[in-house]
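Shown next, in structure tokens, is the structure this report addresses.
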Amino acid sequence: MQRPSAGEEARLPDPEEHAKAPVAVVGLGYVGLPTALALLAAGNEVIGLDVSDARLEAIRSGDVDLLPSDHQRLSRHLDHARFTLTSDPDQLGRARTVMICVPTPVDRHLVPDLTAMAAACATAVAHAVPGQLLMLTSTTYVGTTRDLLMKPLTGRGLEVGSEVFVAFSPERTRACPTSAPPPPSRPRARTVTGGWSGRGAMV
Ligand SMILES: NC(=O)c1ccc[n+]([C@@H]2O[C@H](COP(=O)([O-])OP(=O)(O)OC[C@H]3O[C@@H](n4cnc5c(N)ncnc54)[C@H](O)[C@@H]3O)[C@@H](O)[C@H]2O)c1
């Protein structure tokens with residue numbers, strides 16, 4: 001594992017404070033919203049960021065397609081101070097981890113359209129702060145983490161692997177009938193398939 005240099009260490013946040021910082025979920029769709037609710041159920045403060053005001057409004061009014069157990073979680077957490085629903089990207093600067101869950105639709109040749117992902121990554125990079133982990137959970141091809149996160153972070157003067165961290169952990173959500181057992185109260189362990197430096201995968 002790479003150790004941060006003295007200068008980089010100075011820029012990292014206090015570990016105890018950092019551990020209490022929120023997790024941000026960027027893109028509150030079929031994957032992102034249940035992820036945010038599972039993180040809340042596990043005791044985290046969560047910032048849910050979406051570019052769609054209509055989607056945010058639907059979530060606030062509970063008018064969203066969720067498993068019954070997730071509907072209960074949503075109504076429990078909607079007015080809770082630990083859950084921020086926002087379209088303001090400045091909120092990302094408060095987060096210890098930023099999970100990007102935006103759509104990556106494929107065209108008729110099965111080529112993924114990374115327009116939303118490029119926009120979300122650009123927003124996350126622009127607001128990244130030392131100590132933060134930026135994680136892609138959208139389905140995408142090899143090299144996306146490097147091209148849309150690592151290179152632009154480095155371009156901003158942030159040292160990836162010791163000062164900020166990146167990882168790729170694609171979502172494994174499966175559509176399941178409403179009669180299926182409820183999701184676990186804690187988020188399942190995620191499969192991290194890539195990271196820059198061992199520390200990036202561990203953070
Ligand atoms: N749906 C599934 O069953 C499933 C399963 C495994 C993996 N995935 C993958 O997960 C990713 C997300 O899929 P989904 O089904 O949740 O998508 P979705 O279309 O349900 O939701 C995406 C949300 O992201 C928001 N968004 C778009 N651009 C944004 C931006 N720049 N910043 C912030 N928010 C933005 C949209 O407004 C929308 O609310 C995709 O890569 C998909 O391939 C989906």
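Just so you know, ligand 1 is whichever comes first in the structure, and atom 1 is the first atom listed for that ligand.
The option with the heavy atom closest to atom 8 (N) of ligand 1, from among T139, D50, T35, is T139. Closest to atom 27 (C) of ligand 1 by heavy atom, among P103, A119, G27, P112, is P103. Counting only non-hydrogen atoms, the option in L33, I100, V51 that gets closest to atom 29 (C) of ligand 1 is V51.
Counting atoms of ligand 1 from 1 in the listed order, those under 4.0 Å from a heavy atom of S52 are 37 (O). Of all the atoms in ligand 1, the ones that sit under 4.0 Å from a non-hydrogen atom of V26 are 32 (N), 33 (C). Which parts of ligand 1 touch A120 is read off a 4.0 Å heavy-atom cut-off, strictly below it: atoms 31 (N). Near V31, the atoms of ligand 1 lying under 4.0 angstrom from a non-hydrogen atom of the residue are 4 (C), 8 (N), 10 (O), 16 (O), 44 (C). Interface atoms of ligand 1 facing A116, defined by a heavy-atom separation under 4.0 Å, are 28 (N), 31 (N).
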Solution key, residues 118-125 side-chain donor-acceptor pairs under 3.5 Å, sequence neighbours excluded:
| unit_1 | atom_1 | unit_2 | atom_2 | d |
| --- | --- | --- | --- | --- |
| T123 | OG1 | A119 | O | 3.0 |

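Looking at R82, its side chain does come within 3.5 Å of a backbone N or O of N44 through a donor-acceptor pair. Side-chain N or O atoms of T137 include none that pairs as donor or acceptor with a backbone N or O of P170 at under 3.5 Å. Side-chain atoms of D50 come within 3.5 Å of backbone N or O of L28 as a donor-acceptor pair. Proximity of a side-chain donor or acceptor of T97 to a complementary backbone N or O of V23 within less than 3.5 Å is not detected.
Using a 4.0 Å cut-off between heavy atoms, C101 contacts ligand 1 through its backbone alone, with no side-chain atom that close.
Residue F168 comes nearest to L136 through the heavy atom pair CD1-O, 3.4 Å, listed as atom of the first residue, atom of the second, then distance. In this structure, L37 and L74 approach most closely via the heavy-atom pair CD2-CA, 3.8 Å.
When only interatomic distances are considered, the shortest N/O to N/O separation between T137 and ligand 1 does not fall below 3.5 Å.
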